[in-house]
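Indexing begins at 1, ligand by ligand and atom by atom, following the structure's order. Keep in mind it's a predicted model, so treat the numbers as computed, not measured.
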Amino acid sequence: MSHDPGQGPESFPRTISATAHPSLAVAKYWGKQTGAINTAATPSVAITLGAIAARTTLTVDCASEGDQPCRDQVVLNGVSQDPRRFRPFFDAVREVITLNCPHQDGGSDQAGECLFFTVRSDNDFPTAAGLASSAAGFAALAASALTATLGERPPEEISRLARIGSGSACRSVYGGFTRWDAGAPAAEQLYPETWWPDLRVVVLPVSSAEKPLSSRDAMNRTRDTSPFYDAWVADAPSLAGETREAIAQRDLERLGQTARLSYLRMFSTMFAAAPPIMYWLPQSLEIIRGLEELRRMGLPVWETMDAGPQVKVITDAAHARQVAEEFRDLLVSPAIISEVGPGVTVGTASDRTV
Ligand code: DP6
């Protein structure tokens, strides 16, 4: 099938589905450079989590005369979303299409401008509760939007577009282990998902409530008001380098220890913001304390957290189930044991993996 949107409205609508997995940072992105949209101030290193996913179905159509100027619609887990949140993303898609398909015939040189998108996306895990739902969602959205309009595109281009929707989404485009450098337009894959078969992440959901403050607002408040922010940004590259080395050597203890330092330094900057930002719940702290105890007993278990109260434990296959059992009474839904997962897939399950 041709994907040239310049061929006229008769070739629309087109529908494409995509599936992507959350990207769990072991060295955190927290803070944006001013200027370009969602450009990281800190380098991050992440693991794509295979056990949970966002599934997106996107239809692209050509607006006819008299249509509303912005007809994009997004329904997330059955709930209609505020189109303003998605406007910069869809405008970026339209721009990419226009750049790739300029009209040759003296007609409009804005090929993408007439297009609008209708999206349905479903997560199989709690949305907006600090489980990187936006990372998986925008990775799937970027892949489906580009495929529906331009055909198969290189992962760098999908990653760059996903970043416009949500910074961490540029990592979710790839499977395995990823890096996203400060100031970089896109993420890169460090190693495929087969690199470390014994690695497990145990997600411990302690709340299904939507987070009170978006990571975007929290990040910006931290940058604007925390006296620790500059120190955090200055320290992050060495921690990210250490994390990459731990992954290169498949050194679980080193990975666990650096991941702990990264999330705790990130939260320290947040605690010092004005007003302070505190995503943790008593259950989160109880798990953190419990893991300390397990480490004292010799178990290889190290936690990380994101913009929410859930705790994610980095461990190996031999200990994952024990971690899940240990904290069962503190959880609102069963623990999720995840292996390292694949990148975004487009179309049916049997189709391409990036
Ligand atoms: C704590 O990618 O959700 O999970 O770019 O503003 O959409 P925006 O933020 P987002 O932030 C993720 C923050 C984090 C750390 C990480 O994933 O690296």
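Considering backbone and side-chain atoms together, Arg216 places an N or O closer than 3.5 Å to an N or O of ligand 1. Some N or O of Asp306 is nearer than 3.5 Å to an N or O of ligand 1, by distance alone. Residue Ser166 has at least one nitrogen or oxygen atom sitting less than 3.5 Å from a nitrogen or oxygen atom of ligand 1, judged on distance alone.
Each of the following atoms of ligand 1 lies closer than 4.0 Å to a heavy atom of Ser134: 3 (O). Ligand-side atoms of ligand 1 in range of Ala25: 16 (C), 17 (O), 18 (O), range being under 4.0 angstrom from any heavy atom. Interface of Lys32 with ligand 1, defined as ligand atoms under 4.0 Å from a residue heavy atom, comprises 5 (O), 6 (O), 8 (P). Which parts of ligand 1 touch Trp30 is read off a 4.0 Å heavy-atom cut-off, strictly below it: atoms 1 (C), 13 (C). Applying the 4.0 Å criterion to heavy atoms of Gly167 picks out, from ligand 1, the atoms 2 (O), 5 (O), 7 (O), 8 (P). For ligand 1, the atoms closer than 4.0 angstrom to any heavy atom of Met219 are 9 (O), 11 (O), 13 (C).
At a 4.0 Å cut-off, at least one heavy atom of Arg171 sits close enough to ligand 1 to count as contact. Heavy-atom separations between Ala135 and ligand 1 are all 4.0 Å or longer.
The closest side-chain heavy-atom distance from Gln257 to Arg260 is not below 4.5 Å. With contacts defined as side-chain heavy-atom distances shorter than 4.5 Å, the pair Leu161/Leu141 does not qualify.
Looking at Ser168 against ligand 1, both its backbone and its side chain come within 4.0 Å, counting heavy atoms.
Applying the side-chain hydrogen bond (donor to acceptor under 3.5 Å, both in side chains) test to every pair with at least one member in residues 266-288, sequence neighbours left out, gives no pairs at all.
With Thr147 contributing its side chain and Ser144 its backbone, the two residues share no donor-acceptor pair below 3.5 Å.
In this structure, Phe228 has its ring center at least 6.0 angstrom away from the ring center of Phe267.
Within a 6.0 Å radius of CD in Gln73, no more than 12 heavy atoms belonging to other residues, nucleotides or ligands are found.
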Assess the residue pair Lys312 and Asp306 against the criterion (salt bridge (Lys or Arg N to Asp or Glu O under 4.0 Å)); give the C-alpha distance rounded to whole Å, side-chain angles, the decisive distance to 0.1 Å, and a yes or no. CA-CA 9 Å; Lys312 295 108 182 187; Asp306 293 288; 2.9 Å; yes
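Taking CG of Asn123 as the reference point, atom CZ of Arg55 lies at 9.5 Å (rounded to 0.5 Å).
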